[in-house]
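Below, read A as the first sequence line, B as the second, and so on, with proteins coming before strands; counting in each chain starts at 1. Predicted model, so just to flag it, every value in this text is computed and none were measured.
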Amino acid sequence: MIKKIISELLKEIIRDLWGIKEIVFEVEKPKKENYGDYSTNLALVLKKEVNFAPLKIAKKIVKKLEEKTFLFSKVDIVSPGFINFWISKDYYIENLKKILKLKEKYGSVDIGQGKKVIIEFVSANPTGPLHIGHARGAAYGDSLARILSFTGYKVVKEYYINDKGTQMDILGASVYLRIKELKGEKIVFPENYYKGNYIYDIAREVLGTYPYLLSMDENKAIEFCKDLAIKIILEDIKNSLENFRVFYDNWYSEKSLYENKKVEKVLNILREKNLIYEKEGALWFKSTLFGDEKDRVVVRSTGEATYFAGDMVYHYEKFIERKFDLAINIWGADHHGYINRLKAALNSFGIDSERLKIILIQMVNLIEDGERKSMSTRQGEFVELKELINEVGVDASRFIFLSRSPDTPLDFDIELAKKRSQENPVYYVQYAHARICSIFEKAKNLKINYLFLDEIDFEKLKEKEELELLKKLEEFQETIEFASNFLAPYKITYYLLELAKQFHEYYSKYRILSDDLSLTCARLNLCLGCKIVLKKGLELLGVFAPEKM
RNA sequence: GCGCCCGUAGCUCAAUUGGAUAGAGCAUUGGACUACGAAUCCAAAGGUUGCAGGUUCGAGUCCUGCCGGGCGCGCCA
């Protein structure tokens with residue numbers, strides 16, 4: 001990539017000139033086009049090192065640079081000491097040829113170098129259907145997985161199932177009560193039980209499987225209700241996610257950690273390290289020793305392990321037993337208070353807690369009739385993922401979720417999202433793709449053969465907009481690299497909107513299919529480059545690139 | 001009270017992780033289809049980046065203190 005090439009060139013020059021080997025400087029794309037395609041602050045940074053005026057330093061560097069390469073069509077020095085580079089068109093044309101050759105592999109940089117990474121996301125309790133907040137996490141996690149595997153990581157997508165603990169017991173009891181109700185018994189439904197209508201559906205299903213449930217021992221019956229309810233709900237969650245185009249490699253059960261005695265084993269390790277103590281009848285982990293603000297209970301006075309204990313073990317497994325190099329957890333922002341605790345646990349195992357990256361996703365606010373309603377104030381009337389898929393559609397919702405950085409709250413206006421119009425940016429990008437496909441359809445009918453790369457005269461691409469498009473296509477590689485390094489799928493979303501915009505502008509100003517056959521062929525290949533990149537970018541977001549709309 | 005996140009155009013968000021004159025979309029106003037798809041394009045207008053200091057060649061970005069909003073602070077998950 002060109003940034004690296006320039007960077008290496010510059011390093012070589014300052015080594016020759018002043019013998020400087022280590023220095024931090026930037027090569028970047030300036031916002032304004034009259035500052036060139038790329039720009040460096042090298043001379044400014046060097047000021048302290050060589051004790052010259054930056055402009056003088058820049059002059060020396062540029063002189064050397066001109067002796068070395070023909071890559072640039074122009075190099076400029078601007079006060080206070082920036083050096084600006086204009087890249088020759090040949091480079092961008094070579095890059096277009098690269099795209100046409102690599103096709104869907106274009107943009108793939110090997111950043112991960114085969115490192116094993118586990119992405120854990122959604123992981124909602126199986127106590128009810130997924131809602132719109134989970135959908136944001138699902139879109140984000142899935143897209144991240146696509147981006148990381150595209151950039152050389154070995155990715156495993158996992159859903160951690162909290163199938164154990166108080167909430168599950170309440171779920172079982174809720175179903176049991178509803179069954180009693182269905183059988184005509186008078187019941188009092190406690191405040192903290194699950195009130196959703198789906199509990200009735202589950203109750204009916206349980207009753208179908210165990211018709212004589214109510215004559216069983218109550219505890220045993222509730223246990224049956226619980227197990228079956230979890231199974232039914234998980235099935236439903238899995239289904240919704242698949243409809244949202246999210247497929248997991250693994251569903252990891254919290255309960256299994258206990259059944260396989262893994263919790264015991266890990267607690268023993270901690271005991272041996274003298275990191276566990278007893279107080280008020282409970283077992284505590286000394287997490288303050290590893291940067292947490294207070295010690296945490298791992299086994300309650302009732303003898304039951306806490307959720308945290310299970311999570312410690314789960315992460316022990318991730319790193320020590322399953323040997324992942326990196327773990328990425330995607331959590332709702334309301335879990336931020338939990339981060340220090342878990343990182344403390346990792347540290348206590350001797351695992352560098354930097355290997356665990358926790359992405360906090362901010363809340364999704366619903367906009368209804370122009371008013372903002374947070375999910376929690378809506379009380380039970382969550383917009384379900386299923387509803388979202390049916391009414392808004394997978395493409396539009398994923399695109400909206402992925403058009404923001406995870407750390408800003410997202411306002412989701414369902415009515416707006418439903419509109420298939422200019423207000424909905426996903427169609428803007430998809431339309432660019434469909435338009436290109438439509439041109440190819442027409443070219444095919446006209447029997448234009450534009451696929452013989454060696455015979456294409458790319459010098460025919462003389463318009464300013466054409467050069468701009470070529471540059472934009474080159475930028476895709478940097479965008480991918482950035483998105484991968486900073487776990488930022490929204491960068492790709494923005495890139496696609498920009499590319500689509502440039503294409504639409506170009507399309508409406510110039511004709512692709514004209515009487516000039518060699519020009520037509522050159523332009524068709526430029527379009528093909530756009531199509532490849534649009535499709536790939538959308539694919540990394542989990543959005544389809546339709547040929548017709 | 002303590003901790004985390006956020007505050008940028010009327011609205012929703014960007015700004016290449018410290019770069020140059022802060023950019024898009026929507027909404028508003030005015031224009032463009034008898035040649036490749038008008039789900040498009042062109043143009044106008046819109047700003048003291050919440051406030052006040054500090055760090056430096058250079059701050060929307062980093063530091064400190066306020067103001068405003070969200071979320072946490074369980075032997076819940």
Side-chain angles (χ1 to χ4, degrees), chain A residues 3 26 28-32 34-35 39-41 44-45 47-48 54 78-82 84 123-125 127 162 164-168 170 192 254 279-284 293-294 296-302 304-308 310-311 332-340 360 362-363 365 367 370 374 376 400 403-411 413 416 419-425 427-428 430-432 434-443 446 475 478-479 482 485-486 490-491 494 497-498 501 503-514 520 523-524 527 548-549:
Chain A
K3 236 183 205 182
E26 302 289 332
E28 57 201 0
K29 219 177 259 285
K31 289 175 202 160
K32 300 282 291 182
N34 46 344
Y35 292 131
S39 167
T40 182
N41 62 352
L44 292 163
V45 176
K47 190 184 98 170
K48 279 179 197 154
V78 180
S79 173
F82 290 102
N84 300 331
S123 296
N125 286 353
T127 55
N162 306 142
K164 194 185 167 299
T166 326
Q167 299 306 317
M168 291 309 113
I170 294 176
N192 62 336
E254 179 186 4
K279 194 178 91 183
E280 293 157 4
L283 288 185
W284 297 70
E293 50 268 33
K294 56 192 264 196
R296 306 292 175 177
V297 171
V298 285
V299 180
R300 289 187 276 244
S301 48
T302 58
E304 246 184 307
T306 57
Y307 174 81
F308 175 53
D311 216 12
D334 51 343
H335 287 66
H336 72 254
Y338 194 78
I339 297 176
N340 281 340
L360 294 176
Q362 294 292 327
M363 299 241 307
N365 297 311
I367 306 292
S374 86
S376 49
I400 291 168
S403 58
R404 267 151 202 64
S405 136
D407 47 27
T408 33
L410 180 120
D411 290 324
D413 187 330
L416 199 87
K419 287 191 194 164
R420 309 191 146 256
S421 72
Q422 47 184 332
E423 292 162 77
N424 207 332
Y427 302 116
Y428 187 79
Q430 289 184 324
Y431 184 48
R435 259 186 162 171
I436 295 171
C437 291
S438 156
I439 298 169
F440 288 141
E441 192 62 32
K442 182 128 189 174
L446 294 172
E475 206 182 304
E478 285 166 32
T479 305
F482 191 101
N485 283 334
F486 293 94
Y490 72 93
K491 283 284 173 184
Y494 273 92
L497 283 167
E498 284 162 12
K501 185 181 166 65
F503 177 77
H504 285 309
E505 283 170 16
Y506 174 59
Y507 175 91
S508 50
K509 194 163 174 187
Y510 301 98
R511 274 196 65 80
I512 310 299
L513 305 172
S514 64
T520 298
R523 286 183 169 172
L524 279 170
C527 289
K548 285 199 172 81
M549 292 172 66

Could you check how far NZ of A:K294 sits from P of B:rC75, rounded to whole Å?
5 Å
In Watson-Crick or G-U wobble terms, with both distances under 3.5 Å, the base opposite B:rA39 is none
Please name the nucleotide paired to B:rC73 by Watson-Crick or G-U wobble geometry with both distances under 3.5 Å, or report none.
B:rG1
Determine the Euclidean distance between corresponding C1' atoms of B:rG31 and B:rG23; express it in Å to zero decimal places.
24 Å
Side-chain N or O of A:R523 less than 4.0 angstrom from OP1 or OP2 on B:rC36?
no
Have A:S405 and A:D407 got a donor and an acceptor in their side chains that come within less than 3.5 Å?
yes
Looking across every strand, which nucleic acid part, if any, lies under 4.0 Å from A:T166 by heavy atom: base, sugar-phosphate, or nothing?
sugar-phosphate
According to the Watson-Crick and G-U wobble definitions, with both distances under 3.5 Å, which nucleotide is paired to B:rC57?
B:rG19
Reckon A:K509 has a side-chain N or O less than 4.0 Å from the OP1 or OP2 of B:rC41?
no
Side-chain donor or acceptor of A:N84 under 3.5 Å from a matching atom on the base of B:rA20?
yes
What is the separation between atom OH on A:Y307 and atom P on B:rA77, rounded to the nearest whole Å?
9 Å
Take atom CG of A:N424 and atom P of B:rG25, then tell me their distance rounded to the nearest Å.
15 Å
A:F486 and A:F482: CA distance, side-chain angles, deciding distance, ring-ring contact (aromatic ring centres under 6.0 Å, His included) verdict:
CA-CA 6 Å; A:F486 293 94; A:F482 191 101; 4.5 Å; yes
Please give the distance between the C1' atoms of B:rU28 and B:rG70 as a whole number of Å.
31 Å
Distance, rounded to the nearest Å, where A:Q362 contributes CD and B:rG69 contributes P
16 Å
Take atom P in B:rU21 and the same atom in B:rG7, then report the distance between them in whole Å.
22 Å
Would you say A:K31 places a side-chain N or O within less than 4.0 Å of OP1 or OP2 belonging to B:rA14?
no
Under 4.0 Å between any heavy atoms, over every strand shown, what does A:E26 touch: base, sugar-phosphate, or nothing? Just pick one.
sugar-phosphate
Name the nucleic acid region contacted by A:N41, choosing base, sugar-phosphate or nothing; use a 4.0 angstrom heavy-atom cut-off, strictly under.
base
Which part of the nucleic acid, if any, lies within contact of A:S39, taking any heavy atom under 4.0 Å across all strands shown: a base, the sugar-phosphate backbone alone, or nothing?
base
If you look at every strand shown and take non-hydrogen atoms under 4.0 Å, does A:E28 touch a base, only sugar-phosphate, or nothing?
base
Looking at B:rU49, which nucleotide sits across from it as a Watson-Crick or G-U wobble partner, both distances under 3.5 angstrom, or is there none?
none
To the nearest 0.5 Å, atom NZ of A:K548 lies from atom CZ of A:R435 at 15.5 Å
With C1' as the reference atom in both, quote the distance from B:rG19 to B:rC71 in angstrom, rounded to an integer.
34 Å
Taking atom P in both B:rG3 and B:rG65, compute the distance separating them and give it to the nearest angstrom.
9 Å
Under 3.5 Å for both donor-acceptor distances, Watson-Crick or wobble: does B:rG25 have a partner, and if so which one?
B:rC11
Would you say the side chain of A:H336 and the base of B:rG3 hold a donor-acceptor pair, judged only by whether the two atoms sit under 3.5 Å apart?
yes
Could you state the atom-to-atom distance from OH of A:Y494 to C1' of B:rA15 in whole Å?
10 Å
Can a side chain N or O of A:Y427 be found less than 4.0 Å away from OP1 or OP2 on B:rA39?
no
By centroid distance (under 5.5 Å) and plane angle (under 30°), are A:F82 and B:rA20 in a stacked arrangement?
yes
Would B:rC33 be called syn or anti here, given the cut-off of 90° from 0?
syn
When all nucleic acid strands are considered with a 4.0 Å heavy-atom cut-off, which category describes A:T408: base, sugar-phosphate, or nothing?
sugar-phosphate
Using the C1' atom on both, measure B:rG50 against B:rG60 and round to a whole Å.
12 Å
Can a side-chain donor-acceptor contact be found between A:R296 and A:Y338 if the only test is distance below 3.5 angstrom?
no
Using a 4.0 Å heavy-atom cut-off across all strands, classify A:A333 as base, sugar-phosphate, or nothing.
sugar-phosphate
Distance, rounded to the nearest Å, where A:N192 contributes CG and B:rA77 contributes P
14 Å
Counting distance alone, no hydrogens or angles: does the base of B:rC75 have a donor or acceptor under 3.5 Å from a partner atom on the side chain of A:T306?
no
When all nucleic acid strands are considered with a 4.0 Å heavy-atom cut-off, which category describes A:Y510: base, sugar-phosphate, or nothing?
base
Sugar-phosphate, base or nothing in reach of A:A434, heavy atoms under 4.0 Å:
base
Is A:R435 near enough to B:rA39 that one of its side-chain N or O atoms lies under 4.0 angstrom from OP1 or OP2?
no
Taking the same atom, C1', in B:rG37 and in B:rG30, what whole-Å distance lies between them?
25 Å
May I ask you to verify if any side-chain N or O of A:Y35 is less than 4.0 angstrom from the OP1 or OP2 atom of B:rU16?
no
A:R404 side chain N/O closer than 4.0 Å to the phosphate oxygens (OP1, OP2) of B:rG25?
no
salt_bridge(A:K501, A:E505) N-O dist < 4.0 Å
yes
Specify the glycosidic conformation (syn or anti) of B:rU17, with syn defined as within 90° of 0.
syn
If you compare every side-chain N and O of A:S508 against the phosphate oxygens of B:rC41 (OP1, OP2), does one of them come in below 4.0 Å?
no
Distance check needed: B:rA14 P versus A:D407 CG, whole Å only.
8 Å
Look only at the side chain of A:H504 and the backbone of A:Y428, and say whether a donor-acceptor pair between them is shorter than 3.5 Å.
yes
Side-chain N or O of A:K501 versus OP1/OP2 of B:rG25: is the shortest distance under 4.0 Å?
yes
So does A:V298 get a backbone contact from the side chain of A:W284, meaning a donor-acceptor N/O pair under 3.5 Å?
no
What is the distance, rounded to the nearest whole Å, between atom OH of A:Y431 and atom P of B:rA38?
5 Å
